[in-house]
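All values below were derived from every heavy atom in this structure, side-chain atoms included, with hydrogens, water molecules and symmetry-related copies excluded. Letters go in sequence order (proteins before strands), and every chain restarts at 1. From a predicted model like this one, the values you see are computed outputs, not experimental measurements.
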Amino acid sequence: MNIEQNLKLKLQKAFSKLGKNINLSDIVIEHSRDVSHGDYATNIAMKNCRLFNKSPRDIANDIIQNIDMEGIENIEIAGPGFINFFIKNDSLQAIVKKIIEDGDNFGKGEKKNFKINVEFVSANPTGDLHVGHARGAAIGDSICRILSFAGYDVTREYYINDAGSQILHLAESIEARYKEQLGLPFEMPQDGYYGEDVKTIATTILNEDGKDVLKMSDPISFFRERGTFLELEKIKKDLKDFGVAFDVFSSELKIRSNEAVEKEIEFLKPHIYQDGKALVLKTSDYLDDKDRVIQKSNGDYTYFIPDVVYHVNKKSRGFDLLIDVLGADHHGYINRMKSALMMHGYSADTLEVELIQMVRIIKDGQEMKASKRTGNAITLRELFEEVGVDSTRYLFAMRAASGHLDFDMDLAVEQSSNNPVYYAQYAHARLCSILEQGHNIAFDIEASQLEKESEMALLKHLVSFPSAVLEAAKERAPYKITNYIHDLAECIHHFYTECRVIDTEH
RNA sequence: GCGCUUGUAGCUCAGUUGGAUAGAGUGCAACCCUCCGAAGGUUGAGGUCAUGGGUUCGACUCCCAUCAAGCGCGCCA
């Protein structure tokens with residue numbers, strides 16, 4: 001039994017003895033910052049002034065007169081009406097045995113029978129992943145790991161936009177580079193991709209598919225298919241080396257097959273009107289601030305309608321919740337997609353969008369603009385090869401996604417020993433060292449000798465790990481875990497400095 | 001012009017869903033290894049929580065206005 005949960009139950013019982021009911025979820029147990037405020041504290045007396053119609057301190061007094069003191073050393077009332085709990089040492093010491101017994105499962109949430117689909121990265125296969133994708137990949141992957149550990153059934157998904165006009169531009173660019181390498185006259189398309197990666201792909205196609213591609217009946221389709229495949233292979237490899245894996249890759253082309261878009265439009269007909277030759281979806285009937293064109297005057301569909309098909313497709317696969325991890329520049333897209341899902345009878349919170357704010361790369365004290373087109377952009381691979389995978393991921397994961405992030409390359413690289421990730425790794429190394437040197441010494445699994453301040457602080461922090469996991473999962477906030485790790489490392493360093501662990505004298 | 005996001009120490013950022021003296025890293029200054037990894041620990045300086053109102057026992061947190069920054073506002077994706 002978790003100590004916090006236990007305290008909540010005790011408080012609930014004390015309330016019922018006083019003739020009042022309170023929900024466990026309405027009881028807040030805080031970790032006291034100051035040791036003189038005990039180990040745990042609650043503001044429950046202040047929150048329920050009206051319920052008792054008494055002063056907070058009087059209520060607090062009533063509560064502690066009626067509370068079960070099992071496992072509790074002392075209770076004090078402080079300040080305006082805080083109740084401070086001083087926990088008996090052995091209650092905290094018991095966590096050591098539990099952690100050793102649970103092993104890697106310590107803190108793991110119970111199976112929730114709740115299926116979540118997390119879509120992230122989903123970069124167009126038209127070039128290398130850049131730093132913006134890197135942040136999305138690090139945070140998206142961390143969210144998946146956390147949700148999974150917290151007990152949710154998680155599917156990681158990548159949506160490949162392989163049907164739009166951007167892909168056509170890619171195909172034309174590859175064709176131009178292919179001609180170039182054959183020594184033929186060539187012209188890059190206006191919205192073409194000028195990066196080195198396109199030249200590399202043209203070379204690969206020349207080597208693997210030969211010199212006669214242009215003689216095919218539809219060379220552009222060939223370049224499109226091969227180009228998408230090769231770009232995607234590169235993306236997959238970059239992500240894999242970055243420690244990110246996906247369960248499902250969904251292709252827009254496949255989503256569009258079997259006239260899925262036409263069927264979708266038929267289904268949405270009651271919400272569609274005609275504007276000239278174009279078809280418009282009345283998303284403003286729901287959450288959107290304006291209606292959205294789904295079919296252009298020239299007969300082409302906009303990107304939006306296959307996206308709707310895709311989200312409906314995901315939902316139809318039996319997920320309880322869809323999470324999209326998107327760049328913040330897509331925020332205008334949230335309400336229109338939710339509106340479309342609502343037209344299908346789903347509630348607005350069927351889809352949850354985690355926006356990842358922009359990343360600025362700072363080098364030599366200046367911002368480096370990331371541009372896919374110039375070929376000089378900083379890619380995901382460059383980033384983690386220069387900074388290191390662990391470090392890069394930690395630096396992204398440790399900041400809330402909602403804030404703009406300055407990623408200082410000079411700091412991350414040159415002063416890597418001062419990097420926050422090393423602080424945690426060093427604590428780990430020290431503990432490993434103790435285990436190695438003390439491998440033939442028996443453990444005191446009851447941990448009954450732990451009683452110094454730094455030892456109790458460490459135990460308390462260990463006890464709080466399961467609630468840190470729950471919190472991080474609920475908030476979709478990986479940085480709550482890195483914060484936990486930092487505080488844990490701090491506890492360990494204090495403990496290590498103050499206490500000698502290997503002691504054959506006793 | 002409208003909308004979303006953000007504004008906290010010199011810099012990069014937390015702040016547990018309205019609570020006790022607003023915290024950490026980094027940078028700066030001074031200390032601490034005959035002993036488990038000094039990539040560590042201790043101490044100090046550094047704040048008008050963008051600004052101005054409001055709500056209440058109590059506001060960095062909630063509401064309104066203003067200022068500043070980023071991003072959106074397309075029959076592009």
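- Salt-bridge check for A:R360 with A:D406: passed, with a basic side-chain N closer than 4.0 Å to an acidic carboxylate O.
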Taking Watson-Crick (N1-N3 plus N6-O4 or O6-N4) and G-U wobble (N1-O2, O6-N3), each under 3.5 Å, can you produce the dot-bracket string of RNA chain B? Use [ ] for crossing pairs and | for inter-strand ones. (((((((..((((.....[...)))).(((((.......))))).....(((((..]....))))))))))))....
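- Comparing A:H493 and A:L355 against RNA chain B, the residue whose closest nucleotide sits nearer the 5' end is A:L355.
- The interatomic distance linking A:K47 (NZ) with B:U16 (P) rounds to 12 Å, in whole Å.
- With hydrogens and angles disregarded, no donor-acceptor distance shorter than 3.5 Å links the side chain of A:D291 to the backbone of A:V280.
- To the nearest angstrom, P of B:C13 lies 21 Å from OH of A:Y423.
- OP1 or OP2 of B:G37 sits under 4.0 Å from a side-chain N or O of A:Q437.
- If you check every strand for non-hydrogen atoms under 4.0 Å, A:V280 touches nothing.
- Applying a 4.0 Å cut-off to non-hydrogen atoms, the residues of residues 475-490 of chain A that approach RNA chain B are A:Y479, A:K480, A:N483, A:H486, listed by residue number.
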Produce a footprint string for nucleotides 72-77 of chain B: one letter per nucleotide, 5' end first; B if the base is under 4.0 Å from any protein heavy atom, S if only the sugar-phosphate is, - if neither. SSSBSB
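- Partners of A:K314 according to the salt bridge (charged side-chain N to carboxylate O under 4.0 Å, His left out) rule, which considers only residues two or more places apart in sequence or in another chain, are A:E119, A:D324.
- Formation of a donor-acceptor pair under 3.5 Å by the A:T302 side chain with backbone atoms of A:Q295 is not found in this model.
- The only member of A:I29, A:I83, A:I72 that meets side-chain contact (heavy atoms from CB on, under 4.5 Å) when paired with A:Y40 is A:I29.
- Nucleotide B:C33 carries a syn base; the chi torsion (O4'-C1'-N9-C4 or O4'-C1'-N1-C2) is within 90° of 0.
- Considering only side-chain N and O atoms, A:R430 lies under 4.0 angstrom from the phosphate OP1 or OP2 of B:A38.
- The residue A:A78 sits close to a base: some heavy atom pair falls under 4.0 Å.
- In the region residues 396-407 of chain A, proximity to RNA chain B at under 4.0 angstrom, judged on heavy atoms, holds for A:R399, A:A400, A:S402, A:H404, A:L405, A:D406.
- Checked for salt-bridge contact, A:E231 and A:K234 meet the test: a charged N lies under 4.0 Å from a carboxylate O.
- Between B:G40 and B:G27, the two P atoms lie 10 Å apart (nearest whole Å).
- Atom CD1 in A:I492 sits about 18 Å away from atom P in B:C36, given to the nearest Å.
- In terms of modelled atom types and a separation under 3.5 Å, the side chain of A:N124 and the main chain of A:T126 share no donor-acceptor contact.
- Nucleic acid contact for A:N84: base, since at least one base atom lies under 4.0 Å from a heavy atom of the residue.
- In terms of phosphate contacts, A:Y426 brings a side-chain nitrogen or oxygen within less than 4.0 Å of OP1 or OP2 of B:A38.
- Between the side chain of A:R135 and the backbone N or O of A:V131 there is no donor-acceptor pair closer than 3.5 Å.
- The C1' atoms of B:A45 and B:G54 are separated by 36 Å, rounded to the nearest whole Å.
- Under the 3.5 Å distance criterion, with hydrogens and angles disregarded, a donor-acceptor pair is assigned to the side chains of A:D288 and A:T283.
- Under the salt bridge (charged side-chain N to carboxylate O under 4.0 Å, His left out) criterion, A:R256 pairs with A:E252, sequence neighbours left out.
- B:U5 and B:U42: their P atoms are spaced 39 Å apart (whole Å).
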